[in-house]
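Heads up: the structure comes next, in structure tokens.
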Amino acid sequence: MAQALTVLNTLMVLQPNHPSTVGMISYTLFKLKRFTEALPLLDLRLSLSDHVPSLSRKAQALFHLRSYAEALPLAVEVLKIEPQNPAVLAVQLTSLYKLRRFTEAIAAADHMIKANPTRSLALSLKAQSLMRLERFAEALQVIEFRLQFEPNNPHVLAMQVHALLKLERFNEAATIVGRIEDGFFKFYYSAQVFIAKKQYTKAIELLKTLDSGLNVKWLLAQAYFLAGDMKSSRQSLLFIVQNSKTLQPRVVAALIKIHLLGEQTAMDPFLFGLTQQLSKKELDKILAYKESLFWDYEPVSQGPEVSISNSFWDGLNAKPVNGQTFNSTY
């Protein structure tokens with residue numbers, strides 16, 4: 001395909017605005033997953049004449065680049081013409097979910113399920129959207145239906161555990177964890193059950209045997225916090241900050257909560273620097289979390305994110321914080 005692209009680029013020089021040439025080049029770049037390069041050519045192709053395949057590819061390219069707000073209206077336009085286009089239906093549904101428009105995501109999932117009742121993506125995002133809306137009993141029904149044809153899928157079993165924990169059906173959740181064959185999933189969700197049962201020491205011991213991924217550190221921070229070990233909880237949260245190029249408001253909320261519980265009157269420069277990466281709206285949302293610190297079982301890697309400026313990261317290890325650097329203090 002790369003050789004074909006070279007030939008097409010030669011044709012592009014000879015016929016710069018020929019719809020077929022532009023269309024073939026944009027299609028080739030799209031298939032090569034060179035989405036950023038494909039986009040201007042897709043725009044050019046669409047400017048020459050209406051072309052639904054190019055509009056579909058543009059929606060998918062934007063989606064793959066995580067530009068969900070731009071991809072969604074294009075997907076809607078394509079679906080007016082091709083209402084059962086599976087790739088674009090997936091773009092529409094997933095974009096709605098990523099944009100946290102959960103009620104609309106449920107409707108989009110139902111549309112897909114009507115055409116294909118066992119469509120995994122639609123069932124998964126419908127269940128997750130229902131849980132986001134705290135409709136846990138309904139979510140559990142969707143999950144149990146999916147388990148009829150994917151009985152050993154660890155991701156689906158994990159969702160079932162999540163829903164059961166939210167419904168405070170702890171013993172049933174523990175039974176489902178026992179069915180999970182994947183070792184990491186089994187330990188990770190066993191720890192969640194321990195936390196739900198307030199067996200924090202068991203959860204901590206189990207989580208410390210796993211890798212140091214962000215999701216493990218997020219759950220470990222919860223267990224430490226609930227066990228009263230604020231220092232260790234803070235260290236786990238700061239590991240997440242240090243090892244991620246995006247900042248989740250709930251991680252900052254947790255750090256602020258720990259800070260306030262320490263009855264400190266002034267915010268340290270590091271935490272102040274983090275808060276400067278957030279908008280006023282995001283900070284207001286953080287300060288609204290007064291009653292609880294960790295409000296769901298969702299992995300930290302799946303929550304909303306805020307980009308952290310490069311200038312903040314560049315100076316992070318160079319500037320002393322209370323006399324020491326980030327790495328040595330935090």
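Computation of the quantities below employed the complete heavy-atom set of this structure, encompassing side-chain atoms and omitting hydrogens, waters and symmetry-equivalent molecules. A quick note: this is a predicted structure, and the numbers were derived from the prediction, not measured. Note that the numbering runs from 1 along the sequence shown for the chain.
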Audit row: L165, F170, side-chain contact (heavy atoms from CB on, under 4.5 Å) steps and yes/no: CA-CA 6 Å; L165 289 175; F170 303 139; 3.7 Å; yes
Whether H64 and F35 hold their rings parallel, tilted or perpendicular, with breakpoints at 30° and 60°: parallel
Parallel, tilted or perpendicular: rings of Y189 and F185 (30°, 60°): parallel
Could you list all the salt bridge (Lys or Arg N to Asp or Glu O under 4.0 Å) pairs where at least one residue sits in [range], not counting sequence neighbours?
range            : value
residues 55-64   : D43-K58
residues 142-158 : R146-E150
residues 75-97   : E77-K80

Hydrophobic cluster membership, V91 vs L96, 4.5 Å side-chain cutoff: yes
Transitive ILVMFWY side-chain link L72 to L55, under 4.5 Å: no
Chi angles and distances behind the side-chain contact (heavy atoms from CB on, under 4.5 Å) call for I143, L147: CA-CA 6 Å; I143 294 164; L147 284 168; 4.1 Å; yes
Neighbour count above 12 (heavy atom, 6.0 Å) for F187 CZ: no
May I ask you to test the [X]-[Y] pair for a side-chain heavy-atom distance under 4.5 Å?
X    : Y    : value
L65  : L39  : yes
N171 : K197 : yes
R169 : L140 : yes
I113 : F145 : no
R234 : M230 : no

All salt bridge (charged side-chain N to carboxylate O under 4.0 Å, His left out) counterparts of [X], not counting sequence neighbours:
X    : answer
R135 : E138
K33  : none
E70  : none

side-chain contact (heavy atoms from CB on, under 4.5 Å) evaluation trace for N215 with F184: CA-CA 11 Å; N215 292 335; F184 175 84; 5.6 Å; no
From CA spacing to verdict: side-chain contact (heavy atoms from CB on, under 4.5 Å), F239, L214: CA-CA 8 Å; F239 177 93; L214 302 186; 4.1 Å; yes
Kindly say whether [Y] contributes a backbone atom to a donor-acceptor pair with the side chain of [X] at under 3.5 angstrom?
X    : Y    : value
R179 : P151 : yes
S124 : S120 : no
T28  : M24  : yes

In residues 102-112, what donor-acceptor pairs under 3.5 Å come from side-chain atoms, sequence neighbours left out?
residue	atom	partner	partner atom	Å
E104	OE1	R101	NH2	2.8
E104	OE2	R101	NE	2.9
D110	OD1	K126	NZ	2.7

According to side-chain contact (heavy atoms from CB on, under 4.5 Å), who are the partners of [X], at least two apart in sequence or on a separate chain?
X    : answer
S26  : L41, L42
K202 : F194, Q199
A87  : Q60, N85
S47  : L44

S190: side chain to side chain donor-acceptor pair (under 3.5 Å) partners, not counting sequence neighbours: none
For V161 against A173, the heavy-atom pair lying closest together: CG2-O, 4.0 Å
